[in-house]
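Below you'll find the structure, written out as structure tokens, and then a few comments.
Quick caveat, the model's predicted, so the values are computed rather than measured.
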Amino acid sequence: MSVSTRSPPARMSSLRTLSLVLAFAAAVGLIFGTAGFTAMEADRGVTANITDDESAYLGYAPVTDAVSDGESATVVEYRNRFATDLDEFDVDVSIADGASTDATLESVETPSSLDRGSVAAVDVTLRCAERESVPLLFEADGSGSGVSVSLNRIHTVTCVPAEPTVTGVRYTGVGNAFVDTDGRNGTVEAVVWLTDAEPGADGSEGTLRAETVSALNTSAPVGPQLSSNASNERMAAIEFPDQGVAFFHPSWNGENHASPGAGSGVAFGDVPLDAETVGNTSVVSDDVDDSDD
């Protein structure tokens with residue numbers, strides 16, 4: 001008696017092949033599904049290199065691209081998607097390329113642990129004298145029950161210098177002035193109040209107008225930063241709205257300049273100014289001649 005074997009139908013063979021492929025893919029997913037890590041180790045001794053930070057077991061996400069000089073800001077966040085707490089979690093922050101920037105890292109606030117399912121922020125304080133890009137290196141290491149993880153990332157932020165504090169105005173005449181600050185130079189918003197260079201034949205009140213300079217450079221004279229038609233006008237006052245102060249020309253008597261000379265501006269705190277206030281404010285002391293040159 002002969003015995004014959006029958007080959008499985010082609011459909012059955014295809015299904016078996018598909019099952020094997022799916023099983024293999026699932027196994028690979030278990031091994032390499034640790035997106036976001038530079039390296040990850042578990043009890044099985046698995047190590048993997050991957051790229052998808054936001055959906056990783058240890059999630060990493062930049063929060064901001066800009067920080068202000070001297071102000072603490074949350075720059076990046078980490079999320080724990082493991083099934084266990086990371087009882088030890090350390091993030092070391094440094095400037096990745098110190099030669100590329102004059103900014104300095106003043107302080108860092110980092111978490112010491114990362115509970116399961118939680119999010120923790122890393123706060124950074126930078127100091128910079130001018131606006132510049134700063135590459136920050138974040139080196140994270142964490143460990144918990146049966147798992148350890150490390151992740152290194154670079155995130156570049158722009159450090160924005162703080163606005164200088166205006167301490168005074170030095171008028172070099174009636175057509176120009178310099179802004180004094182607390183030692184830092186930069187840009188500030190200013191409103192320059194101007195009047196006709198020759199108010200009137202009889203010395204009567206001239207026409208007042210205000211010109212706003214959104215980014216007045218405190219290291220440069222004020223006059224050249226105004227529109228070209230200001231060359232035939234005189235400065236009555238310079239106002240700094242964000243700092244709550246204005247400085248009147250020392251010879252401004254509310255109508256015109258008692259003298260076209262130089263001098264330190266007279267501080268005036270009732271801002272914002274308007275044309276009526278400027279036209280009714282005299283900072284000329286009684287011993288100054290009110291006549292116009």
Side-chain angles (χ1 to χ4, degrees), residues 68-71 129-131 160-200 202-293:
S68 297
D69 169 56
E71 296 183 13
E130 58 185 24
R131 187 185 186 93
V160 181
E163 182 178 275
T165 299
V166 175
T167 59
V169 171
R170 289 173 291 119
Y171 289 93
T172 58
V174 291
N176 205 358
F178 287 87
V179 177
D180 292 327
T181 68
D182 57 356
R184 296 174 298 167
N185 280 316
T187 59
V188 295
E189 182 182 7
V191 179
V192 183
W193 287 88
L194 300 158
T195 186
D196 298 338
E198 300 295 336
D202 58 357
S204 61
E205 181 179 359
T207 301
L208 277 171
R209 76 176 184 91
E211 180 170 325
T212 298
V213 183
S214 59
L216 183 79
N217 184 354
T218 61
S219 65
V222 175
Q225 300 183 64
L226 301 176
S227 60
S228 58
N229 63 354
S231 59
N232 294 321
E233 296 174 293
R234 295 181 173 188
M235 295 182 187
I238 302 177
E239 176 186 357
F240 304 93
D242 293 340
Q243 306 200 18
V245 68
F247 293 90
F248 277 86
H249 189 285
S251 70
W252 178 251
N253 65 13
E255 293 183 349
N256 50 49
H257 293 84
S259 166
S264 296
V266 179
F268 186 84
D270 189 11
V271 295
L273 297 176
D274 55 33
E276 182 179 0
T277 300
V278 175
N280 289 307
T281 298
S282 174
V283 296
V284 179
S285 53
D286 294 337
D287 60 350
V288 175
D289 183 5
D290 260 6
S291 63
D292 184 42
D293 267 8

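Under the ring pair (Phe, Tyr, Trp, His ring centres under 6.0 Å) criterion, F268 pairs with F248, not counting sequence neighbours.
Note: S259 OG to W252 CH2 = 13.5 Å, rounded to the nearest 0.5 Å. Atom-to-atom distance recorded for N176:CG and Q225:CD is 9.5 Å, nearest 0.5 angstrom. Atom OG1 of T165 sits about 11.5 Å away from atom CZ of F240, to the nearest 0.5 Å. Summarising the geometry, atom CG belonging to N256 is positioned 10.5 Å from atom CG belonging to D196; distances are rounded to the nearest 0.5 Å. For the atom pair OG of S264 and CZ of R170, the computed distance is 8.0 Å after rounding to the nearest 0.5 Å. Residue D182 holds its CG atom at 10.0 Å from CD of E163, rounded to the nearest 0.5 Å.
Shown are T281, V283, V169; of these, the side chain to side chain contact (heavy atoms under 4.5 Å, CB included) with V266 is made only by V283.
Looking at Q243 and V271, their side chains never come closer than 4.5 Å, going by heavy atoms from C-beta outward.
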What's the verdict on side chain to side chain contact (heavy atoms under 4.5 Å, CB included) for E233 and R209, showing C-alpha distance, side-chain angles and the deciding distance? CA-CA 10 Å; E233 296 174 293; R209 76 176 184 91; 2.9 Å; yes
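The neighbour count for R184 CZ, taken as heavy atoms of other residues, nucleotides or ligands under 6.0 Å away, is above 12.
Across all non-hydrogen atoms, the minimal contact from G265 to F247 is O-CD2, 4.0 Å. Here the shortest heavy-atom pairing between Y171 and A177 reads CD2-CB, 3.7 Å. A pairwise comparison of heavy atoms in V278 and A236 identifies CG1-CB, 4.3 Å as the closest pair. Contact record, E239 with W193: OE1-NE1, 3.1 Å, taken as the closest heavy-atom pair. In this structure, A246 and L273 approach most closely via the heavy-atom pair CB-CD1, 3.8 Å. Closest non-hydrogen pair, L194 versus M235, comes out as CD2-CG, 3.9 Å.
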